[in-house]
Amino acid sequence: MNHVSIVLQRKASMALSSLILLLLLTHVDSVQGEPTTLELVSNQRRCEQAADKSLKCEYKIGKTLHISIDGIGQPDTGITFMKSDFDGDFYASFGVLHGCIIVKSGPKSSSPNALDFAFISPRNGKAYGNWEDCQSDM
């Protein structure tokens with residue numbers, strides 16, 4: 001390689017790095033101020049006590065996720081995914097290892113982030129930012 005080729009290659013590399021940095025900064029600016037999945041789950045939780053003193057909580061997150069947990073903390077707790085759309089703004093799954101419901105942002109979320117989760121404990125109905133904390137409260 002001659003000197004001109006090396007200089008051109010370095011300039012192209014710097015331009016590409018600058019473009020990537022600009023894209024990352026633009027993405028960060030677009031999600032600032034947006035609530036996290038954990039905040040949404042915590043704020044959208046609605047709980048009530050049944051006549052038998054058992055606790056029931058419902059979580060309606062965005063337009064595409066609705067979860068109901070009946071008998072929270074009981075040995076026969078039931079989890080119902082009333083609505084969960086993988087292609088929507090939010091969806092959920094169940095983690096067998098830790099025993100928590102995992103809430104994730106989907107592609108139609110206003111700020112989709114593959115690493116922004118919330119974990120709901122069927123033992124107490126609370127939401128956590130990671131599965132370790134969710135599991136430890138069980």
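Considering all non-hydrogen atoms of both residues, Thr77 and Gly71 come closest at OG1-O, 2.6 Å. A pairwise comparison of heavy atoms in Asn124 and Lys126 identifies OD1-N, 2.8 Å as the closest pair. Among all heavy-atom pairs drawn from Lys63 and Lys83, the shortest one is O-NZ, 3.2 Å. The heavy-atom pair separating Asp89 from Gly62 by the smallest distance is OD2-CA, 3.2 Å. Closest approach of Asp133 to Tyr128, counting heavy atoms only: CB-CD2, 3.8 Å. Here the closest heavy-atom approach between residue Trp131 and residue Leu97 is recorded as CH2-CD2, 4.1 Å.
Residues Ile101 and Ile72 are members of one and the same hydrophobic cluster, defined by side-chain heavy-atom contacts under 4.5 angstrom among Ile, Leu, Val, Met, Phe, Trp and Tyr. Tracing side-chain contacts under 4.5 Å through hydrophobic residues (I, L, V, M, F, W, Y), one reaches Ile120 starting from Val96; they form part of the same cluster.
At least one donor-acceptor pair closer than 3.5 Å links the side chain of Thr64 to the backbone N or O of Phe90. The backbone N or O of Phe81 lies less than 3.5 Å from no partner atom in the side chain of Ser84, so there is not a single donor-acceptor pair. Between the side chain of Ser42 and the backbone N or O of Leu38 there is at least one donor-acceptor pair closer than 3.5 Å. A donor-acceptor contact shorter than 3.5 Å links the side chain of Glu39 to the backbone of Thr36. Of the possible polar contacts, one joining the Tyr59 side chain to the Gly125 backbone as a donor-acceptor pair under 3.5 Å is found.
Sparse packing is recorded around CZ of Phe86, with 12 or fewer heavy atoms of other residues, nucleotides or ligands lying under 6.0 Å away.
Using modelled atom types and a 3.5 Å distance limit, the side chains of Ser54 and Gln49 yield no donor-acceptor pair.
Going from atom CG of Asp116 over to atom OG of Ser105 covers 5.5 Å, rounded to the nearest 0.5 Å. From Ile79, atom CD1 reaches atom SG of Cys100 across 9.0 Å, with rounding to the nearest 0.5 Å. Annotation: the span from Arg45 atom CZ to Ile67 atom CD1 amounts to 13.0 Å, rounded to 0.5 Å. Phe117 contributes atom CZ, which lies 13.5 Å from atom SG of Cys134 (distance to the nearest 0.5 angstrom). Distance CD/Gln135 to CZ/Arg123: 11.0 Å, rounded to 0.5 Å. If you take CD1 on Ile69 and SG on Cys57, they are separated by 6.5 Å, rounding to the nearest 0.5 Å.
With sequence neighbours excluded, the residues satisfying side chain to side chain contact (heavy atoms under 4.5 Å, CB included) with Ser68 are Lys56, Glu58, Asp70, Thr80, Met82.
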